Amino acid sequence: MSTRSGILFLVSGPSGSGKTTLCRKLADEGEARYSTSCTTRQPRPGEVNGRDYHFLSHEAFDEKVAAGEFLEHATVHGNSYGTLLSEVTCHLAAGIDVVMDIDVQGAAQVRRCTDAQICIALVDLFVMPPSEEELRVRLTGRQTDSEEVIALRMKNALAEMEHWPSYQYRLISATREEDYCRFKSLLVAERLRVARIQH
Ligand code: 5GP
């Protein structure tokens with residue numbers, strides 16, 4: 001018998017692409033562990049500290065940066081976001097797949113990482129909406145954000161979408177069911193890679 005090391009399933013895409021829903025569903029079904037990020041942004045209604053994010057003060061975030069606790073960190077929409085190494089490495093070593101929902105800057109940092117465990121584990125996917133019009137509809141539909149926030153997210157989303165060629169995989173969003181089916185299929189296929197199997 002042989003064992004398999006965990007996959008680091010890195011998912012990016014603009015707000016409104018549906019990537020967070022896909023990552024959450026995968027974790028809820030027990031297919032992968034969700035990497036809970038740290039952020040300095042304020043919680044949205046319904047968000048739970050420790051589940052959706054580790055909500056930190058700027059001081060606490062900067063202390064973790066200085067202590068080298070992050071695999072990657074970046075400023076997104078004016079707030080700091082980062083992935084703790086402790087959310088990722090021990091799980092990969094234990095053969096547990098980890099799904100992370102991070103922006104294009106963070107993805108570039110993870111790709112540059114020279115740690116052999118991360119390099120072997122990494123599978124990156126860019127999720128994008130089918131059209132600019134659909135993106136606008138989806139961003140306007142989220143009632144929790146102000147007009148100003150929506151305008152900023154739209155501008156950032158269009159800039160972020162230019163990065164899809166840097167990813168190994170791209171998923172153009174269709175229906176929720178279809179998206180999830182293709183999303184999970186990718187993970188299922190990647191589990192079969194011989195390079196991940198420890199003889
Ligand atoms: P939101 O504030 O809407 O939850 O997330 C805003 C953006 O931050 C999203 O594009 C999300 O993927 C990204 N993000 C969330 N967590 C992290 C993280 O740990 N690192 C990086 N680089 N981006 C993150």
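Since the structure is predicted, the reported quantities are computational estimates derived from the model, not experimental observations.
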Participant: Once side-chain hydrogen bond (donor to acceptor under 3.5 Å, both in side chains) is applied, do any residues pair with Glu47, and if so which ones, sequence neighbours excluded?
Facilitator: Arg41
Participant: What pairs with Ser86 under side-chain contact (heavy atoms from CB on, under 4.5 Å), at least two apart in sequence or on another chain?
Facilitator: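 Here the qualifying residues are Leu84.
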Participant: Any side-chain heavy atom of Cys38 sitting closer than 4.5 Å to one from Glu69?
Facilitator: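 Cys38 does not reach Glu69 side chain to side chain.
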Participant: With side chains defined as the heavy atoms from C-beta onward, is the minimum distance between Tyr53 and Pro43 less than 4.5 Å?
Facilitator: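 Not touching, per the 4.5 Å side-chain cut-off.
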Participant: For Phe70, what residues pass the ring-ring contact (aromatic ring centres under 6.0 Å, His included) criterion, not counting sequence neighbours?
Facilitator: Phe61, His73
Participant: Could you check whether Glu31 pairs with Lys25 (Lys NZ or Arg NE/NH1/NH2 to Asp/Glu carboxylate O, under 4.0 Å)?
Facilitator: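 No salt bridge links Glu31 with Lys25.
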Participant: Can we say Arg24 and Asp52 salt-bridge, meaning some charged N sits less than 4.0 Å from an Asp/Glu carboxylate O?
Facilitator: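 Here Arg24 pairs with Asp52 in a salt bridge, since their nearest N and O are under 4.0 Å apart.
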Participant: Is the closest side-chain donor-acceptor distance between Thr39 and Asn79 under 3.5 Å?
Facilitator: no
Participant: Which pairs count as side-chain hydrogen bond (donor to acceptor under 3.5 Å, both in side chains) when at least one residue sits in residues 107-118, sequence neighbours excluded?
Facilitator: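 Every pair satisfying side-chain hydrogen bond (donor to acceptor under 3.5 Å, both in side chains) with a residue in residues 107-118: Arg111-Asp124.
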Participant: Restricting to side-chain contact (heavy atoms from CB on, under 4.5 Å), what partner residues turn up for Ile172, sequence neighbours left out?
Facilitator: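 By the side-chain contact (heavy atoms from CB on, under 4.5 Å) rule, Ile172 matches Met128, Pro130, Arg170.
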Participant: What is the distance from atom CE of Met161 to atom OG of Ser17, rounded to the nearest 0.5 Å?
Facilitator: 9.0 Å
Participant: With a 4.5 Å cut-off on side-chain heavy atoms, are Ile7 and Arg193 touching?
Facilitator: no
Participant: Ignoring hydrogens and angles, tell me if any N or O in the side chain of Glu87 forms a donor-acceptor pair with the backbone of Ser37 under 3.5 Å.
Facilitator: no
Participant: Would you please test Val127 and Arg182 for side-chain contact (heavy atoms from CB on, under 4.5 Å) and show each step?
Facilitator: CA-CA 11 Å; Val127 182; Arg182 287 183 291 160; over 6 Å; no
Participant: Test side-chain contact (heavy atoms from CB on, under 4.5 Å) on Val123 and Leu187 and set out the steps.
Facilitator: CA-CA 9 Å; Val123 174; Leu187 183 67; over 6 Å; no
Participant: Taking only residues two or more places apart in sequence or in another chain, which ones pass side-chain contact (heavy atoms from CB on, under 4.5 Å) with Ser131?
Facilitator: Glu133, Glu134
Participant: Could you check whether any side-chain N or O of Asp179 sits under 3.5 Å from a backbone N or O of Ser173, counting only pairs where one atom can act as donor and the other as acceptor?
Facilitator: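 Checking the backbone N and O of Ser173 against the side chain of Asp179, no donor-acceptor pair under 3.5 Å is found.
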Participant: For the pair Ile102 and Tyr81, evaluate side-chain contact (heavy atoms from CB on, under 4.5 Å) and give the outcome as yes or no after the intermediate values.
Facilitator: CA-CA 8 Å; Ile102 70 170; Tyr81 291 81; over 6 Å; no
Participant: What is the distance from atom CG of Asp101 to atom CG of Leu26, rounded to the nearest 0.5 Å?
Facilitator: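 Between Asp101 CG and Leu26 CG, I get 12.0 Å after rounding to 0.5 Å.
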Participant: For Glu178, look at atom CD and say whether over 12 heavy atoms of other residues, nucleotides or ligands are found less than 6.0 Å away.
Facilitator: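 Count over threshold, so yes.
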Participant: Go through Phe183 and Phe9 one step at a time and tell me if the ring-ring contact (aromatic ring centres under 6.0 Å, His included) criterion holds.
Facilitator: CA-CA 10 Å; Phe183 186 71; Phe9 195 16; 4.9 Å; yes
Participant: Go through it in stages, so that I can follow the logic: the residues are Thr83 and Val88, the test is side-chain contact (heavy atoms from CB on, under 4.5 Å), and I'd like the CA-CA distance, side-chain angles, deciding distance and then a yes or no.
Facilitator: CA-CA 8 Å; Thr83 305; Val88 176; 3.8 Å; yes
Participant: Is there a chain of hydrophobic side chains (I, L, V, M, F, W, Y, each step under 4.5 Å between heavy atoms) that links Phe126 to Met100?
Facilitator: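 Shared cluster, yes.
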Participant: A side-chain contact here means heavy atoms from C-beta on lying under 4.5 Å apart; do Leu158 and Leu135 qualify?
Facilitator: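 Contact flag for Leu158/Leu135 side chains = yes.
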Participant: With heavy-atom distances below 4.5 Å as the criterion, would you say the side chains of Leu139 and Ser15 are in contact?
Facilitator: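 Leu139 reaches Ser15 side chain to side chain.
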Participant: I need the Leu85 CG to Glu72 CD distance, nearest 0.5 Å.
Facilitator: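 Atom-to-atom, Leu85:CG and Glu72:CD are 9.5 Å apart.
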Participant: Less than 4.5 Å apart, side chain to side chain, heavy atoms only: is that true for Thr21 and Tyr180?
Facilitator: no
Participant: Hey, could you give me the OG1/CG distance between Thr89 and Leu71, rounded to the nearest 0.5 Å?
Facilitator: 8.5 Å
Participant: So do the side chains of Leu8 and Val110 get within less than 4.5 Å of each other, counting heavy atoms only?
Facilitator: yes
